[in-house]
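First the structure, in the form of structure tokens, and then the observations on it.
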Amino acid sequence: MRLTRPFRIIFCSAAMLFQLSAMAQNNKIVPPVHQSIQASANQMADQLVQIRRTLHQHPELAGKEQQTQAFLQKHLVNLGLEVITQTNGYGIIGVLKTGKKGKKIAWRADMDALPNDFPDPVDFKSTQAGVQHGCGHDIHMTIALGMAQVLAKNNEQLSGSFYFIFQTEEETFVGAKKLLDNQIAQLHLDEIYGLHVTAMTAGQIMVKPNEIFAYQKRVQLRFNKTLDKEAIQEISQLLDAGLSRSMTNSKPWEMQQILDPKIGLSNDKTIFQDYCFLNQPYSAYTEKEEQILATDLYETNAQKIPLIIPQIKKILAASKYGSNLSAVSFIQENITVNNDPKLTGLAIQTLDQIYGKDFVVKAYGQVPFFNDDFAFYQQKIPGVYFLFGGSNFEKGWIAMNHAPNFMVDESCLLSGVKYFSSLLVERAKPTL
Ligand SMILES: [Zn+2]
Ligand SMILES: [Zn+2]
């Protein structure tokens with residue numbers, strides 16, 4: 001999960017001690033294949049924790065995931081999976097074929113760690129100075145390996161084929177593109193799925209159709225003369241007044257609100273549904289006689305994006321800075337994770353059927369500040385990206401990605417293996 005700007009998160013208030021919905025109780029009979037999946041997953045509960053801790057102790061930065069690849073390869077080969085290592089880097093794809101008719105379903109896990117040196121109050125700390133799994137990709141890899149193991153063990157009951165894509169360089173937003181340029185097109189995948197562990201209660205799944213994150217654009221303004229601090233402040237205020245949009249009295253840039261039951265993502269009246277804001281303060285520097293300003297803009301509505309630059313020009317043209325403005329442009333813009341509406345609906349239905357009514361928490365808003373290069377797969381292959389809880393609020397373990405106190409409740413490993421193995425099994429069936 002790529003963080004597009006540093007932010008401050010304070011996840012300490014008692015208000016956070018809640019669950020988005022009561023975890024569904026499953027009173028109905030679980031189909032035999034899913035009973036087998038759950039039993040196989042239960043058997044590897046301790047192993048999952050061991051795998052995660054090994055990965056956590058040996059994090060590698062984007063583009064340097066060589067040891068991680070070797071570790072994954074060993075496990076996948078031991079499971080009897082075919083492996084593809086020609087991935088234009090240190091990625092690896094494990095392929096599980098059932099030999100029976102069905103669809104080709106992919107699951108993606110990212111591999112890279114962060115260049116951080118935060119305190120990590122666990123016994124299995126990083127052994128690499130300045131490198132940490134502070135975004136939870138160790139959790140993602142462990143869940144994916146667990147799924148591969150569970151499905152391999154139950155192969156005879158399954159149909160179709162499964163592709164476990166372990167992808168490098170997510171944080172730098174280049175890994176998915178590298179894989180798509182090389183291997184993925186040749187695999188003719190039917191559907192792709194993936195998750196990101198985040199600050200909800202461990203084991204909770206949250207999803208929505210279409211965009212999961214807001215669109216982020218880095219806006220650059222160039223002026224033909226240098227500007228003083230007051231002028232820069234005035235310009236940012238003018239643009240804020242002219243461009244920002246949010247629900248009355250709401251502050252969608254306050255990330256600690258995303259889990260609030262009344263205004264957070266899970267409420268259909270969420271403040272994260274429709275907004276646009278620009279980060280303050282702008283970065284400012286001069287180049288020769290030119291003044292250059294830049295900031296990040298977050299917009300939920302794709303249709304409003306083409307209007308942004310003309311609006312900025314219009315706002316400034318009507319101000320005393322109009323004659324000084326020489327150019328406005330986006331200097332960084334990425335696509336965003338965009339879930340296939342039909343597959344999202346089917347995934348919710350499948351998980352609710354197996355694990356209980358209203359098991360999956362529906363999201364209604366878009367998260368600012370983050371993005372994931374999973375978006376690039378979705379341009380080629382219909383797919384769904386889930387937010388997956390890793391926090392334990394009672395114990396004060398908050399899985400807020402990139403935050404200094406990032407901490408994961410490892411119970412989410414086993415839950416993740418069960419739920420998403422069940423999902424892939426159902427999706428690979430030929431009839432669905
Ligand atoms: Zn990240
Ligand atoms: Zn991440």
Side-chain angles (χ1 to χ4, degrees), residues 1-9 11 52 55-56 58-65 68 72 89-91 107-118 120 126 128 130-145 165-179 192-200 202 205-207 211-214 216 255 258 296 298 332 334-339 366-378 383-391 398-410 412-413 416 420:
M1 190 184 263
R2 187 182 196 207
L3 177 64
T4 52
R5 67 142 234 187
F7 66 102
R8 262 193 81 202
I9 289 286
F11 268 102
R52 187 266 165 151
L55 289 167
H56 195 81
H58 301 95
E60 291 175 297
L61 291 175
K64 297 186 173 160
E65 305 92 336
T68 308
L72 296 168
Y90 297 121
W107 180 265
R108 178 273 213 160
D110 39 12
M111 298 163 64
D112 49 331
L114 301 177
N116 287 343
D117 201 11
F118 296 136
D120 189 12
S126 167
Q128 311 300 310
V131 185
Q132 292 179 330
H133 268 301
C135 198
H137 299 185
D138 52 341
I139 301 289
H140 304 173
M141 289 186 278
T142 306
I143 291 175
L145 272 185
I165 300 172
F166 292 90
Q167 179 214 302
T168 61
E169 299 171 90
E170 191 285 320
E171 295 290 348
T172 48
F173 236 67
V174 297
K177 270 196 257 182
K178 280 189 179 178
L179 270 177
I192 185 162
Y193 298 87
L195 64 77
H196 211 297
V197 69
T198 193
M200 300 175 300
I205 302 171
M206 185 191 260
V207 76
E211 296 94 339
I212 289 280
F213 303 108
Q216 173 251 342
M255 278 289 281
I258 59 168
D296 289 311
Y298 295 89
Q332 184 198 67
N334 284 308
I335 56 167
T336 195
V337 172
N338 206 328
N339 284 340
Q366 292 163 239
V367 181
F369 306 126
F370 287 103
N371 199 358
D372 194 307
D373 73 351
F374 188 81
F376 290 107
Y377 299 103
Q378 291 175 311
V384 183
Y385 178 92
F386 301 91
L387 298 177
F388 188 56
S391 295
I398 313 299
M400 188 64 233
N401 320 89
H402 293 238
N405 56 354
F406 176 78
M407 183 94 166
V408 178
D409 181 339
E410 289 171 327
C412 73
L413 298 169
F420 296 108

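Each ligand, and each atom within it, is numbered from 1 in the order the structure gives. Here the structure is a predicted model, which is why all the values come from computation and not from measurement.
Using the six-membered ring where Trp is involved, H402 and F370 have ring planes that are perpendicular, over 60° apart on the 30 and 60° scheme.
In summary, no N, O or S atom of E170 is located under 2.8 Å from the Zn ion (ligand 1). Put simply, H137 gets within reach of the Zn ion (ligand 2), with an N, O or S atom under 2.8 Å from it.
A distance-only check finds no donor-acceptor pair linking the side chain of E170 to the backbone of G175 [under 3.5 Å].
Taken from CG in D373 to CD in E171, the straight-line distance is 9.0 Å, to the nearest 0.5 Å. Between the CE atom of M111 and the CD atom of E60 there is a distance of 7.5 Å, given to the nearest 0.5 Å.
In H196, the N, O or S atom that comes nearest to the Zn ion (ligand 2) is NE2. Within E171, the N, O or S atom at minimum distance from the Zn ion (ligand 1) carries the name OE2.
Take the Zn ion (ligand 1) as the corner point: the lines to SG of C135 and to NE2 of H402 open at 110°, to the nearest 10 degrees.
In plain terms, the two heavy atoms of I335 and N371 that are nearest each other are O-ND2, 2.9 Å.
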